[in-house]
Amino acid sequence: MLSILVCHSYFLGFDPKQVARGKPYPPLATLQVASLLRQAGHEVTLFDAMLAGGVDDYERKLAAVAPQVVVFYEDNFNFLSKMCLGKMRQAACQMIAAARRAGARVIASGPDVSDAPETYLRAGAHLALIGEGLATLLDVVPRLNSDTRAPVGELIRGLTGAATLVNDEVVRINGARVLPRVAPEGQFAAWDLVDMERYRAVWMKSHGYFSLNMAGSRGCSFRCTWCAKPIWGNQYLQRPAASVAAEMLHLKRTFAPDHIWFADDIFGFRVDWVNEFAAALAAGGGGIPFTIQTRADLLSERMTAALRAAGCKEAWLGAESGSQRVLDAMNKGTTVTEIVTARARLKAAGIRVGFFIQLGYLDEQLADILATKSLLETARPDDVGVSVSYPLPGTKFYELVKAQLNGKTHWQDSDDLEMMFQGTYTSDFYRTVRTLLHDQVTLQTGSSHGTAEEQATRRSLDRRWQDLLSREHHYRSRDDEAAAAG
């Protein structure tokens, strides 16, 4: 059987904002691939870039293991991997080149690989997997096992969902498939390959508790215009509730985390699934408090009660905007009223709520931004995450703005917040609004309500808003100013 090194290229240390957050998670999708390959009988080792010092650490691992095959499988559950920050892409290309120099056969997979396979093929990858890539990977590995030196033409014969270089030209074989299940019931991610104590140390130092990540599903069936789906398309593939509960109980027994982050785009989806999950946890002695992502329109009273029974302590909603006009332009499928109602239901159930807010969508105007400010004042979420619209390849939004990208197609790190298309305002304006919205939520959730200190802070925040609004026309992009003048 083959000696396979499975790895990814998300180095936490390359992203100062994420280092400061101190919330690293093991690469879940990468660990699932390692589990699949071990199940097939191969000798699998892992290079986990998350807490590594840099590419030099990877090169030392590569030299020590001397694998026949290197599989780069980015963590598809990490939203920053979906964005493919520029520093991580550069690291991936360096790692691929090193594997090629070491004489290994190299396979690359991930959201950016699907969108831009040529980048990775020219770095040295023999094969780029398109989409989820698991079905294709499971087809090609036995061929390598038969002949590790087989020509690429032999490896790709009859394959679907892959790309390679033929006569220095990219040949893309369409027809990518998604496995209905990542692993049989009882077959979990290869958690034992992770240096859990390093993760625990970072979490305990930064937050005083230890969190691990899981996923009960893959994908999303909704069609927001800005949401890229290069891996799972518009499918929502849900694991059996009992299997997800069994994995949580396994993590509880083996690693004793204090908290679980569910990386699903939408956790649970159906009330009966959540109730089944809660029952399985209770039968196993109780689960671990957890945080989820979900949609406002899914949070009925029954769903909220089911989440509470399962142990949900925090839910993040893709609120995006307080302007119905912007939500409709995004094809979000939710209403401002639903967002406010969902927040109230979760609060009544004792579940903390975070809002994801997106600034700068096409034709968002000042009134829309102020509507978002008003939403935060009305709904009073416990936390907020603010970003600007990011054009990802393969989305309707990207097609609308791609002529404006002017060569900048990736942020370098997650604090970049640079507008990559011609929005209504400049990047500095949106960065300022982001800070004001964060400060607003912090003020609303503080413990000094009614005190002189709180009143002074509120007056200061109001002045900062007034100052920005008095000068907002100076921040308008040139094209927008010209349109207004015309």
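This chain uses plain numbering: 1 for the first residue, then up along the sequence.
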Parallel, tilted or perpendicular: which fits the ring planes of [X] and [Y], with parallel below 30° and perpendicular above 60°?
X: Tyr209; Y: His259; result: perpendicular
X: Phe188; Y: His250; result: tilted
X: Phe47; Y: Phe11; result: tilted

With [X] via side-chain contact (heavy atoms from CB on, under 4.5 Å) - residues at least two apart:
X: Ala349; result: Thr304, Arg308, Ile351
X: Arg198; result: Leu51, Asp195
X: Ala245; result: Phe277, Ala280, Leu281

Practice item. List for me each residue that meets salt bridge (charged side-chain N to carboxylate O under 4.0 Å, His left out) alongside Glu247, sequence neighbours excluded, and say none if there are none. Key: Arg239
Practice item. Tell me, please, which residues at least two apart from Arg352 pass salt bridge (charged side-chain N to carboxylate O under 4.0 Å, His left out). Key: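 Applying salt bridge (charged side-chain N to carboxylate O under 4.0 Å, His left out) to Arg352 gives Glu314.
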Between the side chains of [Y] and [X], is the shortest nitrogen-to-carboxylate-oxygen separation below 4.0 Å, so that they form an ion pair?
X: Asp382; Y: Lys347; answer: no
X: Lys402; Y: Glu399; answer: yes
X: Arg431; Y: Glu418; answer: yes
X: Arg295; Y: Asp297; answer: yes
X: Asp112; Y: Arg89; answer: yes

Check your understanding: Checking Arg105 side chain against His126 main chain: does a donor-acceptor pair fall under 3.5 Å?
Key -> no
Practice item. Mark yes or no for whether Thr136, through its side chain, and Thr160, through its backbone, hold a donor-acceptor pair below 3.5 Å. Key: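 Yes; judged by distance alone, with no hydrogens or angles, the pair exists.
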**Study point:** Residues forming a ring pair (Phe, Tyr, Trp, His ring centres under 6.0 Å) with His438, sequence neighbours excluded
**Key:** none
**Study point:** Partner of Asn213 by side chain to side chain contact (heavy atoms under 4.5 Å, CB included), out of Phe262, Trp261, Tyr199
**Key:** Trp261
